[in-house]
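As the structure lists them, so they are numbered: ligands from 1, and atoms in each ligand from 1. Only heavy atoms go into these numbers, but all of them, side chains included; no hydrogens, no water, no symmetry mates.
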Amino acid sequence: MGNPRESELHYPLGETLPAPGEALDLAPGVRWVRMGLPFALDHINLWLLRDRIDGREGWTIVDCGIASDDTRANWEKVFAERLDGLPVLRVMATHFHPDHLGLAHWLTERWGCRLWVSATDFNLARLASSSTVGMGGASAAAFFGSHGLTDPDSLDKIRARADYYPKMVPVVPAAYRRLMDGTEVEIGGRSWRCIAGYGHAPEHISLFCEEAKLLISGDMVLPRISTNVSVVDVEPEADPLTLYLQSLTRYLDLPADTLVLPSHGKPFTGLHQRIDQLREHHDERLAEVAAACRTEPTHAAGLLGVLFKRKLDLHQTTFAMGEAIAHLHALWLQGGLKRMRGDDGVYRFSAAD
Ligand SMILES: [Zn+2]
């Protein structure tokens, strides 16, 4: 969904983008790499940070891209042309999603270096890459069915999509180094502080460098689209929207003129405005959901037309269902709505007594 208040943000590089396989200088020792993705969201930004570890000069990579021949070829081009002849010394992942962690195994093998990531996301990536837990398949179809998605064709496709995660993340490194909220990581002589965020991934890590006033925001703060916040079948009563909105307040402590390096879109300033916009966006969606549920008991599938005023493909429908359930759960678990399960097995939400 677009950002109607995008003009309040500032893009210091204008329309400049790195082509695939290139790396654009952003700040001293910081380079911007952009890789393609096979989704409606067609790219991810990855970052190169000049580093020195155990007495060796080289680079830290933040986020990896999905496991595909294209992405590997573009990385090879970056390695050949844009590392100044130095090795990669460390790979970091902001969270476990395939576009961020997909090539972590290949990169760490290729360079004989360590993956740094939160423990929660590391363990979930290991599980998801070796099984079908929570990433499509029968349990996802049953979960969406219990929230009113009845179209047999969509449910069949969701059932058939059990290999969604392993396809893009075939292997996860067997060992890692743990990032936690507040961890200070020294990168190239500068300190970067980890900020844990919730609601998008189990334990998403953003990195903030006070000295350079740079925030690698991952997927927690994006300039144009709102971060996906979804309930999924592994944790069917979750309240990720409340967690996400609470997490956003953490970024308000950072300087207003911080340059934000997001995973999707372009580097921007206007962090505090963006947080205000995201809060407003979700407040409006919550109000729409509450109004619909006050009119009549409503299930999540019944909200798709209210929340997403456009035609959705299957991939978008599963995201949209997750988002609709997240808004219902925020209201339900805060006491604004009550939940009832009908004879048809579907959860409907209505005004609390
Ligand atoms: Zn993500």
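At least one cation-pi condition fails for Arg193 and Phe208: the charged atom is not both under 6.0 angstrom from the six-membered ring centre and inside a 45 degree cone around its axis. Taking the centre and axis of the six-membered ring of Tyr164, the NZ or CZ atom of Arg161 falls inside the cone set by 45° and 6.0 Å.
You'll find the ring centres of Phe143 and His147 inside the 6.0 Å limit.
Annotation: ring-ring contact (aromatic ring centres under 6.0 Å, His included) contacts of His97 (sequence neighbours excluded): His95, His200. In this view, Ile275 and Leu248, Tyr251, Leu252, Leu271, Arg279 satisfy the side chain to side chain contact (heavy atoms under 4.5 Å, CB included) rule, not counting sequence neighbours.
Residue pairs meeting the ring pair (Phe, Tyr, Trp, His ring centres under 6.0 Å) criterion with at least one partner in residues 62-90, sequence neighbours excluded, are Trp75-Phe79, Phe79-Trp111.
Protein N/O/S atoms found under 2.8 Å from the Zn ion (ligand 1): His95 NE2, His97 ND1, His200 NE2, Asp219 OD2.
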